[in-house]
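Side-chain atoms are counted along with the backbone in the values below, which use heavy atoms only and exclude waters and symmetry mates.
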Amino acid sequence: MVTLNEIAQRAGVAKSTVSRFLNNGPVSEKTRIKIQEIIDETGYVPNQFAQSLKAQRSNMIGVVLPRFDSPSTNQVLKGIDELAYENGYQLVLTNSNLDSQREKENIALLERQKVSGIIWIASFFDDAMMELVKNLQVPILIIGQKIEGVPCLVHQDYEAGVQIAEHALALGHRDLLYVGVTQDDNAVGVLRRDGFIETASQARARVTVIETDFSRKVAYEQALNYLPELRASYIAAATDQIAIGIANAAQELGLSIPADFSLSGFGGYSETEYAYPRITTVDYPFYEMGQRSLELLEELIRETPIPMVHTMANKLHVKRSTQNMKVKE
């Protein structure tokens, strides 16, 4: 196995020069080219964790995930990973599993490892988390939620709720059910819901709200209980996963979508393309958000001033799970 000393000897430079090169430090262009050629020839792979402990900054980017079993998170991560690879960064992934204490520990751990920057795919936060984030000594970009004074990249969640409500109203529906999640998640649990409810209420539509969580299984089990007594002609689910859970329950109960009720979700997950019927949703650019997040983090690493809030647009995608209102017998 080739060592750092061997690379330095072959290049005719000091070991510290090779170390500076590997950590993006000041090295002449001629020396930089020579060292890179030797690394390419030998296949030398530096120990990224050892480098990070010695360097003020490394070529590592920390990513804090809310959970692994999320289609949206997976797409965001894919976008981050592909651009990070192109730009010469290594990713260090941590998973909080929707545990706020674990999330704090992960962010603190990444800071100690001297990563160049952190991308936090946030679900919810409290005062202690906000204090921790604001006092970090490493650049951080938050995805999906807003924290005042911290750079954020967010979706148009309120506007997405408006789009779904306007779609339901345009189809003639006036008795609506919104199946949402806890308000601890501001983007999904508050903004989407508020956009939907406020738009529907302005049209004097009746809106009932049921709270579930992000689990398709839980959404399915709850739907088995409320669907038999359903009054609403339109159900808006806070995520596509929830919508699929509701659709599965409807099928088990012998209900037909959209004949018995129309159904829509949020997210644009690929699974909605294989549900029957295909589910109306608001497409979110998760992959593009991942790539954009790395671009913005690079600006922060270079200490380039950027606006505190960046927004990603979304688009309503009407499929076969919604139709014009039919009076339920």
Between [X] (side chain) and [Y] (backbone), is there a donor-acceptor pair under 3.5 Å?
| X | Y | value |
| --- | --- | --- |
| Gln145 | Ala187 | yes |
| Thr304 | Leu300 | no |
| Asp240 | Phe266 | yes |

Quick one, [X] and [Y] - any side-chain contact, counting heavy atoms below 4.5 Å?
| X | Y | result |
| --- | --- | --- |
| Glu252 | Tyr220 | yes |
| Ile246 | Tyr226 | yes |
| Thr280 | His317 | no |
| Tyr89 | Met60 | no |
| Leu230 | Phe261 | yes |
| Asn95 | Arg102 | yes |
| Leu253 | Leu224 | yes |
| Phe286 | Tyr269 | yes |

Exercise. Please walk me through it: do Met308 and Val150 pass side chain to side chain contact (heavy atoms under 4.5 Å, CB included)?
Worked result: CA-CA 6 Å; Met308 284 293 105; Val150 181; 5.6 Å; no
Exercise. Got a sec, which residues hit salt bridge (charged side-chain N to carboxylate O under 4.0 Å, His left out) with Lys319, two or more places apart in sequence or on another chain?
Worked result: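 With sequence neighbours excluded, Lys319 shows a salt bridge (charged side-chain N to carboxylate O under 4.0 Å, His left out) to Glu273, given in chain and number order.
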For this session: Check salt bridge (charged side-chain N to carboxylate O under 4.0 Å, His left out) between Glu221 and all other residues, then give those that pass, not counting sequence neighbours.
Result: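 By the salt bridge (charged side-chain N to carboxylate O under 4.0 Å, His left out) rule, Glu221 matches Lys217.
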Problem set entry | Evaluation steps, side chain to side chain contact (heavy atoms under 4.5 Å, CB included), between Ile164 and Phe196 | CA-CA 7 Å; Ile164 288 291; Phe196 182 86; 3.7 Å; yes
For this session: Step by step, work out the side chain to side chain contact (heavy atoms under 4.5 Å, CB included) result for Leu169 and Arg174.
Result: CA-CA 7 Å; Leu169 296 170; Arg174 292 297 182 273; 3.5 Å; yes
For this session: Scan for salt bridge (Lys or Arg N to Asp or Glu O under 4.0 Å) pairs involving residues 116-138, sequence neighbours excluded, and state none if there are none.
Result: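 Salt bridge (Lys or Arg N to Asp or Glu O under 4.0 Å) check on residues 116-138 returns Lys104-Asp126.
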Exercise. When you check the side-chain N and O atoms of Gln9 and Asn5, is any donor under 3.5 Å from an acceptor?
Worked result: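 On atom types as modelled, these side chains do not qualify, holding no pair under 3.5 Å.
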For this session: Take Asn106 and Ser96 through the test side chain to side chain donor-acceptor pair (under 3.5 Å) and record every step on the way to the result.
Result: CA-CA 7 Å; Asn106 288 340; Ser96 65; 5.3 Å; no
